[in-house]
Amino acid sequence: MKITIIGAGYVGLTTATSLAYLGHQVLSFDKDTSKIESLKKQISPIHEIGMNELLMLTKNNITFSSIFITEMTEAEVFLIAVGTPPMANGDANIGYVESAAREVAQLLKQGQRCTFVIKSTVPIGTNQRVKQIVNMTLRERNIECHVTFASNPEFLRESRALYDTFFPDRIVIGSDDTEAIDILSRMYKHLLNQDFQPPSFLTRPDDYKLPALITTDLVSAEIIKYAANAFLATKISFINEIAGLCEKIGADVTEIARGIGQDHRIGKYFLNAGPGWGGSCFPKDTSAILAVARNYNYDMPIITAARKVNNRQRMHIIERLQDKIKVIRGRNICILGLAFKPNTDDVRDSPAIDVIKILQERGAHIIAHDPIAINNARKEFNETNIDFKENAEQAAEHADALIILTEWPEYNELNWYKVAKLMKTPIVIDARNQLSPEKAAEAGLDYTGIGR
Ligand code: UGA
């Protein structure tokens, strides 16, 4: 099948390479010329496990372009996966989605049959708006085409993007047109049947069940995406709230998570207490669903509270530190981890960035380490009050306290005895509950976790 994908960010690029791997002819378009030049050399512009290998494996099935070219228009499916950044009122900006739809409709040929698919996370009604734009553009051009429309939200996680795409839990297709649903079911046939050999860097889990195909209407598909992210964000805020109570009464939140997570109705995932969620999705999407609700004069107190708890959690890390060192001004604070989660260099809405900014405002000097996110983090700060170190032990030298803000696996492997000796005072705030409190004590650390 010929597929054109507009936007080569996390979602667009992962979808493009995965569909190319499954045998489709894919054209990946992005206006960012440097991104496309890099992709033409099979170098991934995003840090994602397996992406460079997959670019090599699929190079005969995929074409990258930063200008609209005629080959693009031959596609049966036009998949829109451009950004929907937040606006000042919290709503998602669909300007890029609208212009992508308009530009593609400008290129369609008389009599062409194709399906427009929105994969970007978009506010309610956007699919309807795209339909209107495409039909209007065709009318202005005085041509007739047979165009169907579908919403196909994406559920991949950064750092596990290819795994989530090749082994999804479900595929959601929203459309009021059975033809569009048939075409997308055909496009995803190999994922739905799992009748492909995964690339060598991925293993299909032994207990993996075939993904559910959920077909529904356009608006419900749009809401499914927001509801999924809002639910997961709320689940994390819930355990963070319980963590606060655990600290008051002397319980261990990791034990609570273990105890409740075994109940299948609750599930064990997304119950890790920490500095609160970050990244480019949960903050933006919880804000966007509230913006939608406001338009209908509808109150959503649970999602509002989830956001409030999340903001409080950043301050809670500062309070844990203050309990230990009392005065922040004039202290050297070592930060381990800058990315919003491990195995990514993405620092968008990262808890580490928020915590560092508060500490700087309060007069601390920051020495920070991250295995891969330093370059992105640098852009967030002026360099006067922060030292970036390539080595975690070096970052800990002479520190008055150390905070783990991203649970990089390599921090488990650190020689914590040595770290304790290098520090001025061996105070560790483990904001991700990554270390075992017993081992930390053995290493000579003055250890504080979250909710334990
Ligand atoms: C999230 C969703 O998990 C994906 O399903 C969705 O497709 C994606 O948003 C999106 O909308 O594009 P992502 O933001 O990449 O994916 O990362 P997550 O793994 O969900 O983590 C989000 C944040 O929650 C991170 O800051 C992470 O550290 C935090 N988190 C996660 C916790 O604090 N505790 C947990 O138990 C789990």
Side-chain angles (χ1 to χ4, degrees), residues 7 9-15 46-49 81-86 92 119-122 152-165 167-172 222-243 253-254 256-258 260-261 266-289 306-307 309-314 316-317 337-355 370 373 404-408 430-434 449-451:
Y10 275 97
V11 171
L13 181 59
T14 306
T15 310
I46 55 170
H47 181 91
E48 199 54 61
I49 297 161
V82 294
T84 50
K119 227 182 200 326
S120 308
T121 301
V122 290
N152 174 219
E154 179 53 58
F155 303 103
L156 63 81
R157 287 162 290 181
E158 279 182 32
S159 81
R160 292 175 62 99
L162 291 171
Y163 178 91
D164 287 346
T165 304
F167 311 120
D169 291 335
R170 79 298 208 185
I171 291 176
V172 174
E222 288 171 340
I223 289 276
I224 286 171
K225 170 67 191 186
Y226 279 127
N229 273 0
F231 186 86
L232 292 170
T234 304
K235 192 171 178 189
I236 301 167
S237 283
F238 175 83
I239 201 69
N240 281 334
E241 186 171 298
I242 297 290
V253 73
T254 61
I256 314 302
R258 196 158 68 94
I260 63 175
I266 296 173
K268 62 183 177 183
Y269 300 105
F270 279 64
L271 284 180
N272 296 324
W277 30 267
S280 65
C281 303
F282 289 172
K284 174 170 86 75
D285 292 351
T286 49
S287 154
I289 195 171
R307 286 175 61 82
V309 168
N310 201 54
N311 291 336
R312 184 175 78 174
Q313 207 60 16
R314 306 287 203 261
H316 185 63
I317 306 301
L338 296 161
F340 82 99
K341 65 174 181 176
N343 300 313
T344 176
D345 61 355
D346 194 342
V347 299
R348 285 176 288 175
D349 267 312
S350 171
I353 305 295
D354 292 341
V355 167
D370 189 286
I404 302 177
L405 278 161
T406 317
E407 68 278 34
W408 283 96
D430 181 2
R432 297 285 187 171
N433 288 340
Q434 183 180 15
I450 296 299

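Remember, it's 1-based here, ligands and their atoms both numbered in the order they're listed. All values reported here derive from a predicted model rather than from experimental measurement. Residues: numbered from 1 along the sequence shown.
Under the rule for a side-chain hydrogen bond (donor to acceptor under 3.5 Å, both in side chains), Glu241 has no partner lying at least two apart in sequence or in another chain. Remark: Phe155 pairs with no residue by the ring-ring contact (aromatic ring centres under 6.0 Å, His included) rule, at least two apart or across chains.
Among all non-hydrogen protein atoms, the one lying nearest atom 3 (O) of ligand 1 is Arg157 CG, 3.4 Å. In terms of protein heavy atoms, atom 5 (O) of ligand 1 is closest to Phe155 O, 2.8 Å. Nearest protein heavy-atom neighbour of atom 12 (O) of ligand 1: Cys281 SG, 2.9 Å.
The proximity of Val11 to ligand 1, defined as any non-hydrogen pair under 4.0 Å, does not occur for either the backbone or the side chain. Heavy atoms of Phe282 found under 4.0 angstrom from ligand 1 belong exclusively to the side chain.
Between Trp277 and ligand 1, no N or O atom pair is found at a separation short of 3.5 Å. Ligand 1 has an N or O atom lying under 3.5 Å from an N or O atom of Phe340, backbone or side chain. Taking any N or O of Glu407, backbone or side chain, none lies under 3.5 Å from an N or O belonging to ligand 1. Remark: ligand 1 and Asn272 share an N or O pair separated by less than 3.5 Å (distance only, no angle test).
Ser280 places no side-chain N or O within donor-acceptor distance of the main-chain N or O of Arg348, the cut-off being under 3.5 Å. The backbone N or O of Asn343 sits nowhere less than 3.5 Å from a side-chain atom of Ser159 that would complete a donor-acceptor pair. With Arg432 contributing its side chain and Leu405 its backbone, the two residues share a donor-acceptor pair below 3.5 Å. In this structure a side-chain-to-backbone donor-acceptor pair under 3.5 Å is present from Gln434 to Trp408. Using a distance-only test at 3.5 Å, with no hydrogens or angles considered, no donor-acceptor pair links the side chain of Lys341 to the main chain of Gly279. In terms of modelled atom types and a separation under 3.5 Å, the side chain of Asp370 and the main chain of Leu338 share a donor-acceptor contact.
A donor and an acceptor atom, one from each side chain of Lys284 and Thr84, are located under 3.5 Å apart. For the residue pair Trp277 / Thr286, no side-chain donor-acceptor distance below 3.5 Å is found, with atom types taken as modelled.
Taking 4.0 Å as the cut-off, Gly279 does not count as a neighbour of ligand 1 on heavy-atom distance. Contact between Leu156 and ligand 1 is present, with at least one heavy atom of the residue lying under 4.0 Å from the ligand.
Under a 4.0 Å criterion applied to the non-hydrogen atoms of Arg432, ligand 1 contributes the atoms 28 (O), 33 (O). Near Asn229, meaning under 4.0 Å from any of its heavy atoms, are these atoms of ligand 1: 2 (C), 6 (C), 9 (O), 10 (C), 11 (O). Per-residue contacts place Glu158 under 4.0 angstrom from the following atoms of ligand 1 (heavy atoms of the residue considered): 15 (O).
Between Glu48 and Arg157 there is no salt bridge, since none of the side-chain N atoms of the basic residue sits less than 4.0 Å from a carboxylate O of the acidic one.
Counting heavy atoms only, Ile236 comes closest to atom 31 (C) of ligand 1 of the residues Asn343, Asp164, Ile236. When Lys341, Lys225, Lys284, Arg160 are checked for heavy-atom proximity to atom 19 (O) of ligand 1, Lys341 turns out nearest. Considering only non-hydrogen atoms, atom 23 (C) of ligand 1 lies nearest to Gly278 out of Gly9, Gly274, Ala273, Gly278.
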